[in-house]
Amino acid sequence: MIDVGTRPNVIAKNVHKHFGHVEVLKGIDFTVNRGDVVCLLGPSGSGKSTLLRCINHLETITEGSIEVGGEFVGYQRQGTSLSELHPRRVAKQRANIGMVFQQFNLFPHLTVMENLTIAPTMVRDMSAKESVESGNALLERMGLSTKAQEYPGQLSGGQQQRVAIARALMMKPTLMLFDEPTSALDPELVGEVLTAMKELALEGMTMIVVTHEIQFAREVADTVIFMDDGVIVERGEPKSVLGNPKEVRTQAFLSRVRVQMEKEQQSE
């Protein structure tokens, strides 16, 4: 089991994000406790993926603050204000935050094992022997022990995404971020990726997941957050938000999702 400790792992306070004149995040506040799984739901353009990218400083925030593991991500406090950190220090912070994207983002010219070992040997100063041993252990855990010397192009989409998860875990992160990790997969491959994520959750990994997989959120999440138009509309336990939503916008969104799922089932 992962040691989850007692302090909150993620604290976001009054987070705003502007792209030019467009305000994408409009004052986001939330806390994620260690070992918790939080699922972010909402329509396209609601700010979910932008929020995820702000958590590991792939996007800079316009206002507010985000702490991960007790540190401001990408910033340091100077008096009453925050100043941006040097890119090298930001890279060190990111080493503790694993991220899995919609697209797998594997290096196509490297083998699976090389994809797994390149970052920990460079950033974590892990020895080649240790990185290969860790890589083999993670591939076995992901059901990919025979794929170490294959290239990404030789794998299915589900296999590539599981390699991407293993690659993120190679850095021994304290937090995992997932940005719609199954959206680029064929329906029959979704299950194998969700199973790997469920196993991580059971082990106590702190996870924030942007997803459209309602059943996954219902089964795995400790907290479900519904976002729309850059704000948090509703949050709570899955049985509350998904089973008996209070807000009209949440109700309308879940109704559309159910209709879409029924159409997909009828077409199969």
Engineer: Hey, are the side chains of Met142 and Ile165 touching, using non-hydrogen atoms and a 4.5 Å cut-off?
Structural biologist: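 The answer is yes, as the side chains (C-beta and beyond) meet within the 4.5 Å cut-off.
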Engineer: Do Ser240 and Lys246 have side chains that get closer than 4.5 Å, going by heavy atoms?
Structural biologist: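 With C-beta onward as the side chain, the pair touches.
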Engineer: I'd like to check the ring-ring contact (aromatic ring centres under 6.0 Å, His included) partners of Phe104; sequence neighbours left out, ordered by chain and number.
Structural biologist: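 With neighbours one apart ignored, the set is empty.
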Engineer: Do any pairs count as a salt bridge (Lys or Arg N to Asp or Glu O under 4.0 Å) and have a residue in residues 160-182, sequence neighbours left out, and if so which ones?
Structural biologist: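 Passing the test, one end in residues 160-182: Arg162-Glu192.
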Engineer: Without hydrogens or angle criteria, can the side chains of Glu219 and Gln215 be said to hold a donor-acceptor pair below 3.5 Å?
Structural biologist: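 Checked: Glu219/Gln215 side chains pair up, N/O donor to acceptor below 3.5 Å.
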Engineer: List for me each residue that meets side chain to side chain donor-acceptor pair (under 3.5 Å) alongside Gln103, sequence neighbours excluded, and say none if there are none.
Structural biologist: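 So Gln103 forms no side chain to side chain donor-acceptor pair (under 3.5 Å) with any residue.
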Engineer: Quick one: side chain to side chain donor-acceptor pair (under 3.5 Å) partners of Asn96, sequence neighbours excluded?
Structural biologist: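 Side chain to side chain donor-acceptor pair (under 3.5 Å) list for Asn96, sorted by chain: Arg124.
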Engineer: Excluding sequence neighbours, so at least two apart, what forms side chain to side chain contact (heavy atoms under 4.5 Å, CB included) with Val241?
Structural biologist: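 In terms of side chain to side chain contact (heavy atoms under 4.5 Å, CB included), with neighbours along the sequence ignored, Val241 is linked to Val224, Glu234, Thr250.
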Engineer: Just jot down the ring-ring contact (aromatic ring centres under 6.0 Å, His included) partners of Tyr75, sequence neighbours excluded, or say none.
Structural biologist: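 Only His57 meet the ring-ring contact (aromatic ring centres under 6.0 Å, His included) criterion with Tyr75.
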Engineer: Holding to side chain to side chain contact (heavy atoms under 4.5 Å, CB included), I want the full list of residues that pass it with Glu150, two or more places apart in sequence or in another chain.
Structural biologist: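 Here the qualifying residues are Lys147, Gln154, Leu155.
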Engineer: List in chain and number order the residues that pass side chain to side chain contact (heavy atoms under 4.5 Å, CB included) with Ser127, two or more places apart in sequence or in another chain; answer none if no residue qualifies.
Structural biologist: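 If we apply the side chain to side chain contact (heavy atoms under 4.5 Å, CB included) test to Ser127, skipping adjacent residues, the hits are Lys129, Glu130.
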Engineer: Under the salt bridge (Lys or Arg N to Asp or Glu O under 4.0 Å) rule, what pairs show up with a residue in residues 82-102, not counting sequence neighbours?
Structural biologist: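 Matches after skipping sequence neighbours: none remain.
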Engineer: Could you list the residues that satisfy side chain to side chain donor-acceptor pair (under 3.5 Å) with Asp229, not counting sequence neighbours?
Structural biologist: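 Side chain to side chain donor-acceptor pair (under 3.5 Å) list for Asp229, sorted by chain: Lys26.
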Engineer: Quick one: side chain to side chain contact (heavy atoms under 4.5 Å, CB included) partners of Ser83, sequence neighbours excluded?
Structural biologist: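 Listed in chain order: Gln76, Gln78.
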Engineer: Over 60° means perpendicular and under 30° means parallel, so tell me whether His18 and His16 are parallel, tilted or perpendicular.
Structural biologist: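 His18 and His16: parallel rings.
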Engineer: Sequence neighbours left out, what passes ring-ring contact (aromatic ring centres under 6.0 Å, His included) with Phe216? Give chain and number order.
Structural biologist: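 Listed in chain order: nothing, the list is empty.
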